[in-house]
Amino acid sequence: MEVRQLPSSQALEAKLSRMSHPPVRDSESGLRASGKFTICQVAKISFFFCFVWFLANYSYQEALSATQVAIVNIISSTSGLFTLILASIFPSNSGDRFTLSKLLAVVLSIGGVVLVSLSGSENSRDKDTIGSLWSLLGAILYAVYIVMIKRKVDREEKLDIPMFFGFVGLFNLLLLWPGFFLLHYTEFEAFEFPNKLVWMYLVINGLVGTVLSEFLWLWGCFLTSSLVGTLALSLTIPLSIIADICMQKVSFSWVFFAGALPVFISFFIVTLLCHYNNWDPVMVAVRRIFAFICRKHRMARTSEDNEQSESLIPLHSVCPDDGATSCS
C-alpha cells in the first residue's frame, strides 16, 4: 500500500470530485469560502505587492514625462517578453509553459506596437535615454508583479480583489507619503497643490483608470494567464488611437493599420494557445520540416549507396574464360 498526500491546492478539487452532484452544489460555496485568504493574509500580500505596483506605475509616468510617447509604448510592450520568460521560470500553472508559438506571438505583438507607435510619432524631441530606461524598468516591474501574484494566488476565488487593491492603496497612503517631501526638497519633482480641475482629473483617473481597470485586468489575468493579461495591455495602444480617429477625426497612415492588426492577432493567438493546453503548432511544424529534410537526405544517401554498389559489382565479377583472372 502506498499513501500519498495531496497538496493543498488540489485537495479541495479532489474532495469536490468525490461528492455527489446535489451535495456539491450545496457545499461548494462553503468550501470555496473556507479556501479564501483571510483579511490578514490579503493584507500581507498587498503589503508586498504595493511597492512593486507603485514603482511600476511611477516608472511608466516618469517615462512619459521624459521621452516620446511612441518610444514609451514600444519599450513598454516588451513586458510581454519578460512575462513569458518569468512565467516559464516561476510557473503558477500548466498554462505558463514556454513554447515557441508563444514567443513568436509576443514578437508579433511587439512588432505591431512598433509600427503603431511610429505611425503617430513626432520627431520634435530627441530620444531620451533616461526615459527609455524608465520605460524598460516599468515593463520589467509589471512582469514581476503579475507573475509573482499569479504564483502567490493559484485561484482567483481565493483572493478578494477589491480588498487587495484597497489594502494596496492604504499601504501606499500610509508608507509612501514621505516621498512627497523627498522628491520636493531634492528638486527631482516639485510639489504643487492641485486646483479643482486637476482634482477632478485625479478622481476620474483614480476611479476609472486605476480602480476599475486594474480590477478587471487582474481578474482577467487570474481567469486566463499572466501572458494573456500582459498582451491585453498592448491593445490599449491601437484602441486609443482608434478612439481618436472616431471621436476627434484624426487621420493616420496605412502603417497604423498594418501595425494594429498584428497586435490583435497575437492577443487572440496566445489566448487560443493557453486554452488548448499549451498547443505549440510552430514547434510541430518545425519538427515535421526537420523530419522531412532528414528523410529526403536519408533517401538521397540510400540511392547514392545503391548506385555505388551497382557500379562496384562488375569490378569483382569473374571472367568466364579464366576463373582466376578478374574481368577488369
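Shown here are the side chain to side chain contact (heavy atoms under 4.5 Å, CB included) partners of D160, two or more places apart in sequence or in another chain: P162, M163. Listed by chain and residue number, T230 satisfy the side-chain hydrogen bond (donor to acceptor under 3.5 Å, both in side chains) test with T83 (two or more places apart in sequence, or in another chain). A search for side-chain hydrogen bond (donor to acceptor under 3.5 Å, both in side chains) contacts involving S101 returns D280, not counting sequence neighbours. Remark: N172 engages no residue in a side-chain hydrogen bond (donor to acceptor under 3.5 Å, both in side chains) (not counting sequence neighbours).
The hydrophobic cluster containing L183 does not contain F191, counting ILVMFWY residues as joined when their side-chain heavy atoms lie under 4.5 angstrom apart, directly or transitively. The hydrophobic cluster containing I204 does not contain W199, counting ILVMFWY residues as joined when their side-chain heavy atoms lie under 4.5 angstrom apart, directly or transitively. Both L216 and F267 belong to a common hydrophobic cluster when Ile, Leu, Val, Met, Phe, Trp and Tyr are linked at side-chain heavy-atom distances under 4.5 angstrom. Note on V208: it does not cluster hydrophobically with F165, by side-chain heavy-atom contacts below 4.5 Å among ILVMFWY residues. Clustering ILVMFWY residues whenever any of their side-chain heavy atoms sit less than 4.5 angstrom apart, transitively, puts V228 in the very cluster that holds W219.
Between the OG atom of S135 and the OH atom of Y60 there is a distance of 8.0 Å, given to the nearest 0.5 Å. Note that CZ of F90 is 5.0 Å distant from CE of M148, once rounded to the nearest 0.5 Å. Taken from CD1 in I110 to OG in S76, the straight-line distance is 11.0 Å, to the nearest 0.5 Å. Interatomic distance, L86 CG to S79 OG, rounded to the nearest 0.5 Å: 9.0 Å. Atoms CG and CD, on L159 and Q41 in that order, are 10.5 Å from each other to the nearest 0.5 Å. Rounding to the nearest 0.5 angstrom, the gap separating the OG atom in S226 from the CZ atom in F82 is 14.5 Å.
Taking the side chain as every heavy atom from C-beta outward, F37 and V153 approach each other to under 4.5 Å. Side chains of L108 and L104 form no contact here, defined as non-hydrogen atoms less than 4.5 Å apart. Contact annotation: the side chain of L137 approaches that of L141 to within less than 4.5 Å [non-hydrogen atoms, C-beta and beyond]. Contact annotation: the side chain of Y58 never approaches that of L176 to less than 4.5 Å [non-hydrogen atoms, C-beta and beyond]. Side chains of W217 and S213 form no contact here, defined as non-hydrogen atoms less than 4.5 Å apart. Within the 4.5 Å cutoff, side-chain heavy atoms of L81 are placed close to those of L103. Contact check for L218 versus F222: side-chain heavy atoms found under the 4.5 Å cut-off.
Between F167 and F171, the ring planes are parallel. Angles under 30° get that label, and only those over 60° would be called perpendicular. Ring geometry, W177 versus F181: the interplanar angle exceeds 60°, so the pair is classed perpendicular (tilted spans 30 to 60°).
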In residues 42-56, what donor-acceptor pairs under 3.5 Å come from side-chain atoms, sequence neighbours left out?
from	atom 1	to	atom 2	distance (Å)
S46	OG	V42	O	2.8
S46	OG	F164	O	3.1

Output a table of donor-acceptor pairs, distance under 3.5 Å, between side-chain atoms of residues 283-291 and any protein atom two or more places apart or on a different chain; print 'none' if there are none.
none

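With T99 contributing its side chain and K102 its backbone, the two residues share a donor-acceptor pair below 3.5 Å. Of the possible donor and acceptor atoms, none in the side chain of E62 sits under 3.5 Å from a partner among the backbone N and O of S59. Under the 3.5 Å distance criterion, the side-chain polar atoms of H184 are left unmatched by any main-chain donor or acceptor of A190. Put simply, the side chain of S266 gets close to the backbone of V263: a donor and an acceptor are under 3.5 Å apart. The backbone N or O of L182 sits less than 3.5 Å from a side-chain atom of T186, completing a donor-acceptor pair.
The local environment of OH in Y185 is sparse, with at most 12 non-hydrogen atoms from other residues, nucleotides or ligands closer than 6.0 Å. Counting heavy-atom neighbours within 6.0 Å of F215 CZ, excluding the residue itself, gives a total above 12. Within a 6.0 Å sphere centred on CD1 of I39, other residues, nucleotides and ligands contribute 12 heavy atoms or fewer.
Looking at every heavy atom in both residues, A139 comes nearest to T78 through CB-OG1, 3.9 Å. The two residues A105 and I269 come nearest to each other via the heavy atoms CB-CG2, 4.1 Å. When every heavy atom of L231 is checked against every heavy atom of S109, the shortest pair comes out as CD2-OG, 3.9 Å.
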